[in-house]
Novice: 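Quick one: this structure, given as structure tokens, is what I'll be asking you about.
Indexing begins at 1, ligand by ligand and atom by atom, following the structure's order.
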Amino acid sequence: MPQDRLDELIALLGPSRRGAYRIAQYAILAAGLAAMAVMTVPGVSPTVGTWTTVVLWCCLGFFAGELLVKSWPSDKSARNYLFTGAGFIDLLAVLPIPLALLIGVPKETAWLLASLWLLKLAPAVPGLALLGRVIEQEARPLASVFVLFLFVLMFAAVALFVLEHAGQPAHFGSLPQSLWWAVTTLTTTGYGDAVPETYLGRVVAAMVMICGLGVFGLLTGILATGFASEHRRRDFVRNWDLVTSVPFLSNLDAPAIIELTHMLRRLDLAERTVVVRRGRSGDCMYFIASGEVEVRVEPQPVRLGAGSFFGEFALLDGSPRTATVMTTMPSTLLILQVADFRAFTAHHPELARAVEKEAARRRGAPDYESHAGMQPAPQLLDDERDDD
Ligand code: CMP
């Protein structure tokens with residue numbers, strides 16, 4: 001990725017600086033936009049005027065510097081940066097203002113082009129890409145509603161033109177004027193500057209207002225459903241990958257994996273996070289998709305790696321948690337709630353049998369090294385213990 005070039009340089013400063021750099025970027029963007037707004041206020045003092053100009057030039061300098069680093073022609077990918085969407089946005093943020101100043105556009109007008117800096121936020125907003133996909137997928141229903149909107153708009157404008165133009169030529173004297181009224185009424189903006197006076201005109205207006213609510217209700221419904229199904233689809237694909245990455249689960253047949261994918265919830269945890277505490281009640285079990293956890297049992301803690309599971313004792317017999325379990329590194333777990341476990345194992349008893357077999361092995365102090373993904377952990381130092 002071309003942006004990695006700048007990211008690589010920031011990473012050289014240390015991982016924590018990366019977040020700080022992003023915050024600085026947003027702060028500079030906000031300062032630039034504020035300065036642009038101040039510049040348009042009539043009668044600001046010369047000192048304030050000078051400072052806003054300085055701030056604007058500093059912001060422009062910063063964005064130009066970023067563009068230079070990202071597009072520095074040291075390798076092929078960097079050269080191509082300017083031809084990517086992000087590269088084009090970076091160019092738009094830097095070039096138009098100096099060009100406008102050069103061709104003699106007044107300073108206050110030229111700096112209004114700083115509003116293009118906002119486009120730099122677009123690649124960082126994942127919701128925009130999601131919105132694009134939703135609009136693409138829901139294009140047909142959206143187009144139908146749009147046509148419906150046009151239909152009502154045209155019908156209302158023509159009806160009001162016929163009914164009102166003789167009585168109110170100032171507001172309904174032409175079809176474009178009636179169309180303007182129809183748009184403001186249909187979008188429920190309705191300024192009240194043009195109101196039908198005939199009874200029939202008012203009946204039409206009432207119908208138009210009701211249709212307006214209906215059209216916007218439909219639009220909201222289509223977009224909300226589109227967003228929800230897009231989220232579900234994305235979660236399904238992500239969970240499917242995770243479920244099939246757990247060897248214990250990947251042996252199940254496809255319909256079973258699909259069923260489980262809908263049931264499992266993903267949990268991303270940082271290093272040294274306590275997942276379950278000894279003595280607490282438990283209503284779920286965990287599959288380790290990646291990472292590692294440590295089960296604090298006597299005489300020696302046990303480490304469970306990717307592909308293993310824990311928390312099944314509480315699920316099988318409703319007893320309190322028998323041990324504290326904590327991550328030893330950043331880990332991704334899949335949570336299966338007790339109700340889902342019961343529902344799933346009713347159709348797929350082989351999973352219940354496998355879980356019960358492993359639980360029996362653990363309770364009987366088996367040779368854990370023989371199980372894939374499980375190794376005895378090094379003994380913890382006393383001050384690291386957390387068995388409250
Ligand atoms: P549960 O008792 O629900 O919560 C703690 C979990 O630690 C427990 O379920 C098991 O999944 C796991 N566990 C307990 N004892 C052992 C052991 N000896 N070896 C591996 N895992 C264990």
Novice: Parallel under 30°, tilted from 30 to 60°, perpendicular over 60°: which one fits the rings of W111 and W117?
Specialist: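 Correct class here is perpendicular.
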Novice: For atom 3 (O) of ligand 1, state which one of R362, R361, R296, R321 supplies the nearest heavy atom.
Specialist: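 Closest candidate by heavy-atom distance is R321.
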Novice: So F146 and F149, would you call those rings parallel, tilted or perpendicular, with 30° and 60° as cut-offs?
Specialist: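 Plane angle under 30°, so parallel.
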Novice: From the options V297, V355, T324, select the one whose nearest heavy atom is closest to atom 15 (N) of ligand 1.
Specialist: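 Residue with the shortest heavy-atom distance to the ligand atom: V297.
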Novice: Whether E358 and R362 form a salt bridge (side-chain N of Lys/Arg under 4.0 Å from carboxylate O of Asp/Glu) is what I want to check.
Specialist: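 Counted as a salt bridge, because a side-chain N and a carboxylate O are separated by less than 4.0 Å.
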Novice: What are the atoms of ligand 1, with element, lying closer than 4.0 Å to any heavy atom of A323?
Specialist: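 Answer, ordered by atom number: 5 (C).
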Novice: With a sphere of 6.0 Å drawn around CH2 of W51, does it hold more than 12 non-hydrogen atoms of other residues, nucleotides or ligands?
Specialist: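 Not more than 12 within 6.0 Å, no.
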Novice: Can you name the closest pair of heavy atoms from A31 and V55 and give their distance?
Specialist: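 A31 and V55 have their closest heavy atoms at O-CG1, 3.9 Å.
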Novice: Which of the atoms in ligand 1, numbered in the order shown and given with their element, are less than 4.0 Å from a heavy-atom of G311?
Specialist: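 That gives atoms 1 (P), 3 (O), 4 (O), 6 (C), 8 (C), 9 (O), 10 (C), 11 (O) of ligand 1.
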Novice: Would you confirm whether S331, through its side chain, and E292, through its main-chain N or O, come within 3.5 Å as a donor-acceptor pair?
Specialist: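 Yes, the answer is positive, given that a donor and an acceptor are paired below the 3.5 Å cut-off.
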Novice: What about F309: any of its N or O atoms under 3.5 Å from an N or O on ligand 1?
Specialist: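 No: no nitrogen or oxygen of F309 is under 3.5 Å from one in ligand 1.
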Novice: Within the 4.0 Å heavy-atom shell around F310, which atoms of ligand 1 are there?
Specialist: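 Taking each heavy atom of F310 in turn, ligand 1 has 11 (O) under 4.0 Å.
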Novice: Counting from 1, what ligand 1 atoms have a heavy atom of T322 closer than 4.0 Å?
Specialist: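 Close to T322: 1 (P), 2 (O), 4 (O), 5 (C), 8 (C), 14 (C).
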Novice: From the options E358, E312, Q300, select the one whose nearest heavy atom is closest to atom 11 (O) of ligand 1.
Specialist: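 It is E312 whose heavy atom sits nearest to atom 11 (O) of ligand 1.
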